[in-house]
Amino acid sequence: MKYPEVKNYIGEELQNGSGNTLDVYSPVNGEIISKVFLSTYEAIDKAVKTAREAFTFWSETPIKERVQVFFRYRQLLEKNFDELAHIVHEENGKILDEAKAEVAKSMELTEFACSMPQLIAGEILEVSKGVECRLEHFPLGVVASITPFNFPNMVPNWTIPNALVLGNAMILKPSELVPISANRIADLLKEAGLPKGVFNVVHGSREAVEAICDHPGIDAVSFVGSTKVAKIVYKRAASNLKRVLALGGAKNHLIVLPDANVQMTASNVAASMSGCAGQRCMAASAMVGVGNVDHIIAQLVEEAKKIVPGKNLGAVISKEAKERIENYITEAEKEGAKILLDGRNYVVKGNEKGFYVGPTVIDYVKPEMRIAKEEVFGPVLSIMRSKTLDEAIKIENSSPYGNAAAVFTQSGGLARYVAERASAGMIGVNIGVPVPREPFSFGGWNESKFGVGDITGKSSIELWTKLKKITTKWNPESRTNWMS
Ligand code: NAD
């Protein structure tokens with residue numbers, strides 16, 4: 001095996017999980033590269049005890065000191081950039097350039113956390129004569145972050161720097177499909193000087209997640225993953241009276257108008273549907289062409305043909321994922337959709353056992369087809385046609401999801417019309433992947449997110465802290481009024 005067995009990282013010690021082990025595959029070539037220990041309640045309990053102990057001194061460390069760790073962590077991400085990107089490439093299957101972009105994004109997230117002391121400086125006001133009220137943020141305690149397979153480095157870093165700078169201790173439960181990056185992050189945090197026990201990694205799958213939701217020693221849970229599991233985690237953790245923010249899956253619609261810039265639209269849509277092999281919660285998976293957009297679709301297919309698996313298109317996460325994606329394509333074809341570019345049965349020379357699906361463009365998909373409604377999570381674009389813009393918006397609005405939506409047009413007025421009416425938390429205008437960069441926050445609407453606020457940016461301050469309001473009076477009675 002290329003990587004040693006992946007164990008839980010609790011209080012700087014590597015410990016076996018309390019459950020079975022699972023093979024870790026590289027989607028690039030289908031080979032087993034490691035093994036991961038899975039955890040049960042027992043391992044979660046150990047991690048909670050360690051984190052609780054660490055929380056007592058970490059929360060009392062002034063934020064200006066806490067943040068120093070993250071200045072160093074940011075430098076270590078840069079110093080180990082290539083190695084971290086290689087791990088992401090191998091365990092997730094995305095191409096190396098995409099893996100590098102992911103680590104670069106982790107650096108940006110850490111930079112934001114380094115500005116936290118400026119952002120959470122409290123507020124103070126004389127609320128009555130001689131009486132002041134001050135507002136302070138306090139950490140919650142031990143928080144857990146449960147993450148998906150598609151961004152093994154970046155999504156953990158959506159939560160780690162912000163939650164820890166704000167004084168919490170954390171237990172990270174990464175996806176069991178991509179466990180290697182998480183332990184490397186733990187190594188770097190240690191090297192950056194993070195005290196023992198403040199950050200812990202517990203590996204596992206369903207049983208570990210259920211233990212996190214149930215453990216009374218965990219104060220808050222953030223979850224990023226599919227809507228099905230987001231609902232389970234949101235309900236179970238909230239019923240145990242924890243603060244929860246659970247981000248779910250997506251079905252992002254791009255509305256293309258006939259006046260859109262042909263080249264910009266074609267290359268943006270192609271990149272959005274195929275980037276990270278379509279395994280992004282921000283991926284364009286449905287396009288709605290309004291009126292006659294045949295000229296744009298023709299160019300889009302030309303752009304998609306330039307995307308070659310194993311070269312500028314990575315693998316999907318597993319053999320099962322490849323089969324699932326190909327089944328969606330076959331079903332759509334049977335139901336009468338027209339396949340303009342077919343990525344089924346793709347084999348990459350030299351990596352014949354890798355899990356690849358080629359770029360796929362399907363036209364004349366009907367809104368009621370399964371491929372139009374469900375999250376496919378592969379490099380597949382379903383094109384639907386509408387006669388009017390309002391009809392296109394109606395199709396977008398009918399999705400139960402609401403992560404992102406985009407409009408391609410040269411009309412500012414029409415772009416604004418769509419931006420106001422699309423039922424999604426992140427909107428792109430002539431941008432296929434409208435990820436809001438720091439200090440703006442990341443989060444969708446509807447069944448793409450359960451809970452209040454967003455997971456990154458300034459919004460995350462409310463997620464990871466609780467407010468204390470202190471009202472004080474020291475002045476002599478003579479200087480007060482009736483409100484005092
Ligand atoms: P997933 O829901 O299968 O897994 C996410 C986490 O939940 C993992 O840590 C996994 O171990 C755990 N888990 C899986 N099944 C479980 C169960 N039955 N009970 C309890 N825990 C369980 O998601 P995934 O396949 O790893 O990731 C892909 C999904 O994540 C897609 O739906 C994608 O859209 C979504 N995603 C959303 C965002 C967002 O910001 N909204 C970001 C990234 C990924």
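Heads up: numbering here begins at 1 and tracks the sequence. Heavy-atom basis, side chains included; hydrogens, waters and symmetry copies ignored.
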Practice task
Give a yes or no answer on whether the side chain of N261 reaches the backbone of M264 with a donor-acceptor pair at less than 3.5 Å.
Solution key: yes
Exercise for the section: Say whether, by atom type as modelled, one donor and one acceptor occur between the side chain of N168 and the main chain of G141 under 3.5 angstrom. Expected result: yes
Taking the side chain as everything from C-beta on, heavy atoms only, tell me whether [X] gets closer than 4.5 Å to [Y].
X: K2; Y: E90; value: yes
X: P161; Y: F112; value: no
X: F442; Y: C281; value: yes
X: N80; Y: R184; value: yes
X: V28; Y: Y356; value: yes

Verify the distance criterion only: is there a donor paired with an acceptor across the side chains of [X] and [Y] at less than 3.5 Å?
X: S441; Y: S459; value: no
X: S39; Y: N8; value: yes
X: N252; Y: S285; value: no
X: N200; Y: T50; value: no

Exercise for the section: Please confirm whether K449 makes a cation-pi placement over Y234, using NZ or CZ under 6.0 Å from the six-membered ring centre and within 45° of the ring normal. Expected result: no
Handout entry: Salt-bridge present (K231, E447; N to O < 4.0 Å)
Key = yes
Problem - Partner set under side-chain contact (heavy atoms from CB on, under 4.5 Å) for K7, not counting sequence neighbours - result: E5, L14, N16, F37
Handout entry: Which residues share a side-chain contact (heavy atoms from CB on, under 4.5 Å) with E352, sequence neighbours left out
Key = V347, K349
Practice task
Sequence neighbours left out, what passes salt bridge (charged side-chain N to carboxylate O under 4.0 Å, His left out) with E326? Give chain and number order.
Solution key: K322
Practice task
Please name the pair of heavy atoms, one in R243 and one in E462, separated by the smallest distance, quoted to 0.1 Å.
Solution key: NH1-O, 2.7 Å
Problem - Closest approach of I33 to E91 (non-hydrogen atoms, all atoms of both residues) - result: CD1-CA, 4.2 Å
